[in-house]
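In the text below, chain A, chain B and the rest are named by the order of the sequence lines, each starting its count at 1. For the numbers below, each heavy atom of this structure counts, side chains included, while hydrogens, waters and symmetry mates do not.
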2 protein chains.
Amino acid sequence: MTTAVPVPSSRDLPHPVRGEIRLEGVLHALSDPVRLRIVRELAAGGVALSCSHFDLPVSKSTTTHHFRVLRESGVIRQNYEGTAKMNGLRRDDLDDLFPGLLDSLLTAAGRQADRHGGT
Amino acid sequence: MTTAVPVPSSRDLPHPVRGEIRLEGVLHALSDPVRLRIVRELAAGGVALSCSHFDLPVSKSTTTHHFRVLRESGVIRQNYEGTAKMNGLRRDDLDDLFPGLLDSLLTAAGRQADRHGGT
DNA sequence: CCCGTACTACGATGCTTATCGTACGACTCG
DNA sequence: CGAGTCGTACGATAAGCATCGTAGTACGGG
């Protein structure tokens, strides 16, 4: 087996394993407007995005905080790539644990954004 | 401008109208284990239930608080019937605003309860 | 080796919330 | 009327959380 050492950065981040993800935690993570917006952008793109890609109405420290909440609740996966920290939705894990939930949530968020002004 | 109506003998309760219900509020309401449990029982029964029907691991004041959060977020509808206060899921409103969401949430909660010990 | 970029860690702050107990109001039934 | 049941209101408390600024660490490129 190709013991491909995947560039073991000294900076790695604690993620919950699939079985540790709790629905309450996911809902709490998504109940914040800033975090919901992040997740919507990640889902729209379909690819991992760096933190700095997002233009959020909060400071950089607060942005870090929100990304940590999303990671610790199991909604996103984070890993470093050079100086950039890449963020990706944990679609596989969430779809396995809670089939259909993520799509319903994203659809609901989209409908609400359409009704009101993208908020 | 609101000519403060005295509201003399009324025991009626403020509910958000359908259009005021916000996804973030609903998710926040359901991110508490006690409230999620209440909603699951309401959905399982399919009918309105009195507050006292629930055997929750919190005090009576706290129970009142949780029911109020659910009502103000638009998840349940409450009305008095004699001394009892009846609680019913706002299925029609939620399904109209966020089609499929409530069912996905309930299914997700059910699966999680199965995996772990009914928690 | 130094500098700029990307992000974090820490401490502070003010707001929200989950919790409780106690005292009270509304209703029903004797 | 009086007692019991059901639920509320209020005040207190402790914890949580969203927010910020500042100072610092890791990495990549000149």
Side-chain angles (χ1 to χ4, degrees), chain A residues 5-15 22 24-39 42 48-73 75-88 119, chain B residues 6-15 22 24-39 41-42 48-73 75-88 119:
Chain A
V5 186
V7 191
S9 175
S10 56
R11 300 198 278 173
D12 64 3
L13 302 153
H15 289 78
R22 299 230 89 214
E24 294 90 329
V26 172
L27 298 184
H28 173 247
L30 298 182
S31 71
D32 181 281
V34 174
R35 292 194 291 259
L36 184 56
R37 172 167 155 185
I38 291 171
V39 169
L42 284 176
L49 296 172
S50 75
C51 290
S52 58
H53 174 271
F54 295 84
D55 186 29
L56 301 171
V58 292
S59 77
K60 233 151 57 120
S61 340
T62 305
T63 298
T64 298
H65 162 71
H66 285 309
F67 276 107
R68 184 174 48 231
V69 171
L70 287 170
R71 171 174 39 91
E72 290 177 348
S73 67
V75 176
I76 67 172
R77 195 178 290 284
Q78 297 189 293
N79 65 294
Y80 282 100
E81 246 165 66
T83 62
K85 192 190 211 168
M86 304 305 290
N87 306 277
T119 321
Chain B
V7 188
S9 69
S10 81
R11 291 218 277 170
D12 65 3
L13 302 154
H15 289 78
R22 298 229 91 215
E24 294 91 327
V26 171
L27 297 185
H28 173 247
L30 298 181
S31 71
D32 181 281
V34 174
R35 292 193 291 259
L36 184 56
R37 174 168 157 184
I38 291 172
V39 169
E41 284 191 44
L42 284 176
L49 297 171
S50 75
C51 290
S52 58
H53 173 271
F54 295 84
D55 185 30
L56 301 171
V58 292
S59 76
K60 243 171 22 149
S61 340
T62 304
T63 299
T64 297
H65 162 70
H66 284 308
F67 275 107
R68 185 173 49 231
V69 171
L70 286 171
R71 185 189 72 239
E72 291 179 347
S73 67
V75 176
I76 66 172
R77 194 178 293 283
Q78 297 189 291
N79 65 294
Y80 282 98
E81 246 165 64
T83 62
K85 191 189 212 169
M86 304 305 288
N87 306 276
T119 322

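Side chains of B:Cys51 and B:Thr64 form no contact here, defined as non-hydrogen atoms less than 4.5 Å apart. The closest side-chain heavy-atom distance from A:Phe54 to A:Thr63 is not below 4.5 Å. Between B:His65 and B:Arg35, some side-chain heavy-atom pair lies under the 4.5 Å cut-off.
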Taking it one step at a time, do A:His66 and A:Thr62 satisfy side-chain contact (heavy atoms from CB on, under 4.5 Å)? CA-CA 6 Å; A:His66 285 309; A:Thr62 305; 3.6 Å; yes

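Shown here for B:Val26 and B:Ser73, the closest heavy-atom pair between the two residues is CG2-O, 3.8 Å.
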Tabulate protein N/O versus nucleotide N/O from nucleotides 16-19 of chain D, keeping only pairs under 3.5 Å, one per line.
| unit_1 | atom_1 | unit_2 | atom_2 | d |
| --- | --- | --- | --- | --- |
| D:dA18 | OP1 | A:Arg35 | NH2 | 3.1 |
| D:dA18 | OP2 | A:Arg35 | NH1 | 3.4 |
| D:dA18 | OP2 | A:His65 | NE2 | 2.7 |
| D:dT19 | OP2 | A:His66 | NE2 | 2.3 |

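Atoms CZ (A:Arg68) and C1' (D:dC20) sit 14 Å apart, rounded to a whole Å. A:Arg71 places its CZ atom 13 Å from the P atom of C:dC7, with the value rounded to the nearest Å. In this structure, the CG atom of A:Asp12 is 13 Å from the P atom of D:dA26, given to the nearest Å.
The backbone N or O of A:Leu49 sits less than 3.5 Å from a side-chain atom of A:Asn87, completing a donor-acceptor pair.
Within the structure, salt bridge (charged side-chain N to carboxylate O under 4.0 Å, His left out) pairs that include any residue of residues 59-71 of chain B do not occur (at least two apart or interchain).
Here the straight-line distance linking atom CG of B:Asn79 with atom CG of B:Leu13 works out to 8.0 Å at 0.5 Å rounding.
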Using a cut-off of 4.0 Å between protein heavy atoms and nucleotide atoms, how would you tag nucleotides 2-7 of chain D 5' to 3' with B, S and -? ----SB

